[in-house]
Amino acid sequence: MIREEIVDGFNNAPHRSLYHALGLTEEELKRPLIGVVSSYNEIVPGHMNLDKITEAVKMGVAMAGGTPIVFPAIAVCDGIAMGHKGMRYSLITRDMIADSTEAMVLAHGFDGLVMVPNCDKNVPGLLMAAARLNIPAIFVSGGPMLAGRVNGKKSSLSSMFEAVGAYTAGKIDEAQLKVCEECTCPTCGSCSGMYTANSMNCLTEVLGMGLRGNGTVPAVYSARLELAKRAGMQVMELVKKNIRPRDIMTKAAFRNALTADMALGCSTNSMLHLPAIANECGIAWNLDMANEISERTPNLCHLAPAGPTYMEDLNEAGGVYAVLKELTKLDLLDTSVMTCTGHTLGENIAEAVNRDPEVIRTPENPYSRTGGIAVLKGNLAPDGCVVKRSAVAQEMLVHEGPARVFDSEEEAISAIYAGKIQKGDVVVIRYEGPAGGPGMREMLSPTSAIAGMGLDKDVALITDGRFSGATRGAAIGHVSPEAVRGGLIAYVKEGDLISINIPQYQIELKVPEEELAKRKAEMPIRRKTDIKGCLARYAQMVSSADKGAIINQFA
């Protein structure tokens with residue numbers, strides 16, 4: 001036990017003297033020490049309320065007889081980092097968060113943990129840390145933002161990025177763009193669609209690491225503070241019963257999470273984060289599981305950007321538990337798994353009710369008979385690539401067109417805004433993968449530009465980088481192997497025909513093998529030479545996207 005090594009016993013009197021220097025009393029030191037890992041900062045809108053959440057957690061811990069002690073985790077706002085070099089630093093913070101939390105916990109003798117994340121990389125980073133440390137832990141996020149209101153209609157961050165494309169195409173004027181800018185993001189919280197942050201917070205409920213409502217109760221609701229207090233109290237029960245993250249995050253729990261992912265229509269980034277968390281649990285992950293589970297899981301939710309509903313609507317309809325209850329009608333979940341409530345998943349969702357069958361469709365009336373995410377394979381991506389099928393227009397599920405090739409996101413955006421992309425084109429953006437980027441930038445800007453200009457039903461986009469959960473359209477990312485590691489995407493030329501068949505899970509570069517062999521001999525791999533510091537280390541150590549872009553592969 002960590003506590004015995006650091007806090008208890010006569011030999012640890014020097015350590016206790018330093019705890020006393022913190023103002024802790026002898027009585028407090030005799031109680032379980034609970035680390036409250038807070039991602040609070042003043043730059044991420046989803047984190048600006050975490051000081052209040054953290055204080056509520058501390059109160060809950062203290063009410064239940066523990067001693068709460070706060071320490072920080074960093075956070076990057078993907079929206080602010082979008083479309084420039086700052087986005088290279090987003091995904092790599094997932095490992096920084098896991099590593100720094102490991103260091104803080106093992107150095108200071110905590111008996112349990114309450115994780116207080118919210119946005120994109122904090123949730124998976126802290127889930128990775130929880131699995132790695134394997135001491136009793138529970139999650140309570142900061143909650144989603146309320147939807148904006150623009151001209152009487154609900155909106156979210158994806159609407160804002162698409163508005164830039166509409167302005168560029170002359171579809172709206174500067175005054176209308178200004179209205180969008182001022183009204184789209186009205187409150188604190190993680191952006192209001194089923195983007196990456198909300199996807200992972202919802203999946204934390206399914207994995208069993210967060211209480212009911214963790215993924216959906218809006219950030220500005222007082223119910224969020226109540227939830228935080230209950231999480232603080234519940235961690236004390238986990239400590240008492242010695243229920244640990246790896247008791248909860250089992251192979252069955254991950255299959256449940258992937259099933260719920262398909263039903264909810266989650267971000268494609270879950271296909272990076274779930275494998276990384278499973279890896280920390282010592283659980284092997286095969287990307288092919290996604291299609292297997294998708295084939296039998298109906299897509300029940302169309303939240304933004306796929307549809308007109310938002311996280312507040314999902315919350316009012318019954319939340320994640322109501323979605324899970326619908327899935328039990330098809331016997332798609334293992335409801336016997338343990339959760340942080342101390343009860344099984346089945347016991348947790350027993351009383352859940354779907355209060356709005358339009359927001360949460362029933363299995364008899366799904367948006368589609370298959371799940372929200374598809375993994376495509378073919379010569380262009382022999383190890384797989386990922387698309388959010390539920391956000392693809394029907395017309396683009398099967399497509400063939402000429403490649404328009406760009407070696408960076410910036411080159412592609414310039415061409416899109418200059419009107420150089422035509423209907424039927426397949427935009428290829430390469431050298432943006434985990435190692436080649438490095439950092440595997442999200443590309444909401446080019447996909448939103450395409451959508452905002454009205455081309456989302458005519459143009460596909462393929463990349464070894466990744467997409468924001470706010471992306472919609474035929475946006476296919478995570479191409480593996482990536483260009484910098486010799487993947488075929490490095491050898492695509494302007495005008496090559498690319499065939500995409502999402503229902504058949506296929507993607508193909510239609511170039512003869514002899515020509516491809518010639519290109520591989522003649523076309524050099526482009527490697528960035530100006531990358532330094534943490535990005536350089538990341539580029540050397542990171543796995544491919546199909547493995548979850550992980551640093552240390554244990555399984």
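Scanning both residues, Cys202 and Met311, for their nearest heavy atoms gives SG-CE, 3.7 Å. The shortest heavy-atom contact between Gly142 and Asn118 is N-OD1, 3.2 Å. Taking every heavy atom of both residues into account, Ile360 and Asn354 meet most closely at O-ND2, 2.7 Å.
Side-chain atoms of Glu162 and Tyr167 include no donor-acceptor pair closer than 3.5 Å.
Between atom CE of residue Met194 and atom CG of residue Asp261 there is a gap of 9.0 Å, rounded to the nearest 0.5 Å. Rounded to the nearest 0.5 Å, atoms NZ (Lys388) and CG (Asn299) are 9.0 Å apart. Going from atom OG of Ser480 over to atom CD1 of Ile489 covers 9.5 Å, rounded to the nearest 0.5 Å. Atoms CG and NE2, from Asn122 and His47 in turn, are 4.5 Å apart once rounded to the nearest 0.5 Å. We find the OG-CG distance between Ser294 and Leu258 to be 8.5 Å, quoted to the nearest 0.5 Å. Note that the SG atom of Cys188 and the CG atom of Leu146 stand 8.5 Å from one another [nearest 0.5 Å].
Taking 4.0 Å as the cut-off between side-chain N and carboxylate O, Lys510 and Asp496 do not count as a salt-bridged pair. Using a cut-off of 4.0 Å between Lys/Arg side-chain N and Asp/Glu carboxylate O, Lys154 and Glu312 are scored as salt-bridged. Using a 4.0 Å cut-off between charged nitrogen and carboxylate oxygen, Lys377 and Asp383 do not count as a salt-bridge pair. Under 4.0 Å is where a charged nitrogen must lie from a carboxylate oxygen, and between Glu316 and Arg355 no such pair does. Between Arg441 and Glu410, at least one side-chain nitrogen of the basic residue sits less than 4.0 Å from a carboxylate oxygen of the acidic one, meeting the salt-bridge criterion.
Partner of Tyr310 under the side chain to side chain contact (heavy atoms under 4.5 Å, CB included) criterion, out of Pro144, Pro218, Ser156: Ser156 alone. Considering Asn198, Thr196, Thr471, Asp120 as possible partners of Ser267, the one that fulfils the side chain to side chain donor-acceptor pair (under 3.5 Å) test is Thr196.
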Under 3.5 Å, sequence neighbours excluded: what are the donor-acceptor pairs made by side chains of residues 458-469?
from   : atom 1 : to     : atom 2 : distance (Å)
Thr463 : OG1    : Ile429 : O      : 2.7
Thr463 : OG1    : Gly465 : N      : 2.8
Asp464 : OD1    : Tyr431 : N      : 3.3
Asp464 : OD1    : Glu432 : N      : 3.0
Asp464 : OD1    : Gly433 : N      : 3.4
Asp464 : OD2    : Tyr431 : N      : 3.2
Asp464 : OD2    : Ala483 : N      : 3.0
Arg466 : NE     : Met440 : O      : 2.6
Arg466 : NH1    : Asn269 : OD1    : 3.1
Arg466 : NH1    : Glu442 : OE2    : 2.9
Ser468 : OG     : Ala470 : N      : 2.9

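Applying the ring pair (Phe, Tyr, Trp, His ring centres under 6.0 Å) criterion to Tyr367, with sequence neighbours excluded, gives His302. Partners of Glu515 under the side chain to side chain donor-acceptor pair (under 3.5 Å) rule, at least two apart in sequence or in another chain, are Arg519.
Side-chain atoms of Asn201 come within 3.5 Å of backbone N or O of Ala197 as a donor-acceptor pair. Glu205 contributes a side-chain N or O that, together with a main-chain N or O of Gly213, makes up a donor-acceptor pair within less than 3.5 Å.
Under the 4.5 Å side-chain criterion, counting only non-hydrogen atoms from C-beta, Leu509 is in contact with Leu516. Side-chain contact between Ser270 and Leu203 is present, with heavy atoms from C-beta onward closer than 4.5 Å.
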Inset, instruction - Apply the test side chain to side chain contact (heavy atoms under 4.5 Å, CB included) to residues Tyr538 and Leu91: give CA-CA distance (whole Å), side-chain angles for both, the deciding distance (0.1 Å), then the verdict. - result: CA-CA 10 Å; Tyr538 187 83; Leu91 184 58; 3.5 Å; yes
Inset, instruction - Mind running side chain to side chain donor-acceptor pair (under 3.5 Å) on Ser368 and Arg389 for me, showing each step along the way? - result: CA-CA 10 Å; Ser368 65; Arg389 170 168 44 186; 5.9 Å; no
